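I am attaching a structure below and will ask some questions about it afterwards.
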Amino acid sequence: DKATFRSNNETIAAIFQSFPQWTINHAIAEGENVALFCQGGGDTHGGFPYRNNYQFVFKVRDGLIVYAEEFMDTKPCYELAQVLKNDKIS
């Protein structure tokens with residue numbers, strides 16, 4: 001739902017110096033289905049350079065996104081989690 005989506009994005013934004021940026025490398029659209037292949041990331045407040053590859057799948061009806069799914073490489077997420085954990089310990 002929108003509230004959860006907004007809350008998750010606010011949590012993510014708080015980790016980084018500025019909201020993570022994505023570059024769309026490929027986009028595929030067929031009917032109401034859209035797939036995006038992206039690279040993105042940002043630098044944390046502690047200076048860790050988080051970078052990842054993403055795939056997004058959307059369903060669009062009447063110009064509105066009615067479904068969204070996100071896929072990413074879990075290794076950079078794990079590395080980010082370790083850095084954040086260590087930052088809180090120190």
Side-chain angles (χ1 to χ4, degrees):
D1 67 25
K2 288 182 184 180
T4 301
F5 181 79
R6 179 172 286 130
S7 174
N8 289 343
N9 280 315
E10 289 170 354
T11 300
I12 290 167
I15 296 168
F16 294 97
Q17 295 174 15
S18 61
F19 197 81
Q21 300 296 305
W22 288 275
T23 300
I24 299 172
N25 297 322
H26 303 287
I28 302 169
E30 183 177 301
E32 59 184 20
N33 300 302
V34 178
L36 300 178
F37 298 85
C38 311
Q39 290 178 315
D43 296 336
T44 67
H45 290 289
F48 178 74
Y50 173 75
R51 306 292 181 267
N52 208 336
N53 295 305
Y54 299 87
Q55 294 79 40
F56 296 96
V57 177
F58 300 103
K59 187 173 294 261
V60 180
R61 286 194 194 120
D62 300 322
L64 299 174
I65 297 171
V66 297
Y67 174 82
E69 197 166 358
E70 176 182 359
F71 303 90
M72 69 188 83
D73 184 348
T74 56
K75 185 174 186 241
C77 294
Y78 174 80
E79 292 168 347
L80 175 61
Q82 294 304 304
V83 166
L84 295 173
K85 179 181 168 184
N86 290 336
D87 284 351
K88 287 183 181 181
I89 293 171
S90 359

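As the structure is a computational prediction, the values presented were derived from the model and not from experiment. FYI, the numbering just counts along the sequence from 1.
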query: Within the distance-only criterion (no hydrogens, no angle test), does the side chain of Gln17 pair as donor or acceptor with the backbone N or O of Thr44 below 3.5 angstrom?
result: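 Yes, Gln17 side chain to Thr44 backbone: donor-acceptor pair under 3.5 Å.
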
message: If hydrophobic clusters are built from ILVMFWY residues whose side chains come within less than 4.5 Å, do Tyr50 and Ile12 share one?
response: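 Same cluster: Tyr50 reaches Ile12 through Ile, Leu, Val, Met, Phe, Trp or Tyr contacts under 4.5 Å.
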
message: I need the Asn25 CG to Tyr54 OH distance, nearest 0.5 Å.
response: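 The OH atom of Tyr54 is 12.5 Å from CG of Asn25, to the nearest 0.5 Å.
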
task: State plainly whether one hydrophobic cluster holds both Ile24 and Met72, where clusters connect Ile, Leu, Val, Met, Phe, Trp and Tyr through side-chain heavy atoms under 4.5 angstrom apart.
output: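 The answer is yes; both residues are in one hydrophobic cluster.
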
field: Under 3.5 Å donor-acceptor, His45 side chain and Ala14 backbone
entry: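 Answer holds: yes.
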
message: I want to check something: taking the side chain as every heavy atom from C-beta on, are Arg51 and Asp43 in contact at a cut-off of under 4.5 Å?
response: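 SC-SC contact between Arg51 and Asp43 confirmed.
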
query: Is there a path from Val34 to Ile65 through hydrophobic residues (I, L, V, M, F, W, Y) whose side chains come within less than 4.5 Å of each other?
result: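 Same cluster.
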
- prompt: Does any non-hydrogen side-chain atom of Asn53 lie less than 4.5 Å from one of Phe37?
  reply: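 Of all side-chain heavy-atom pairs linking Asn53 with Phe37, none is under 4.5 Å.
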
field: Minimum heavy-atom distance Phe19-Gln21, with the two atoms named
entry: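 Heavy-atom minimum between the residues: O-NE2, 2.9 Å.
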
query: Short question: side chain of Asn52, backbone of Asp73 - any donor-acceptor pair under 3.5 Å?
result: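 Side chain of Asn52 to backbone of Asp73, a donor-acceptor pair under 3.5 Å: yes, one is there.
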
message: Count I, L, V, M, F, W, Y as connected when their side-chain heavy atoms are under 4.5 Å apart, and connections chain through other members. Are Phe48 and Trp22 then in the same cluster?
response: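 Yes, one cluster joins them.
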
- request: Give a yes or no on whether Glu30 atom CD has more than 12 heavy-atom contacts from other residues, nucleotides or ligands under 6.0 Å away.
  value: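 Counting neighbours around CD of Glu30, 12 or fewer heavy atoms of other residues, nucleotides or ligands fall under 6.0 Å, so no.
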
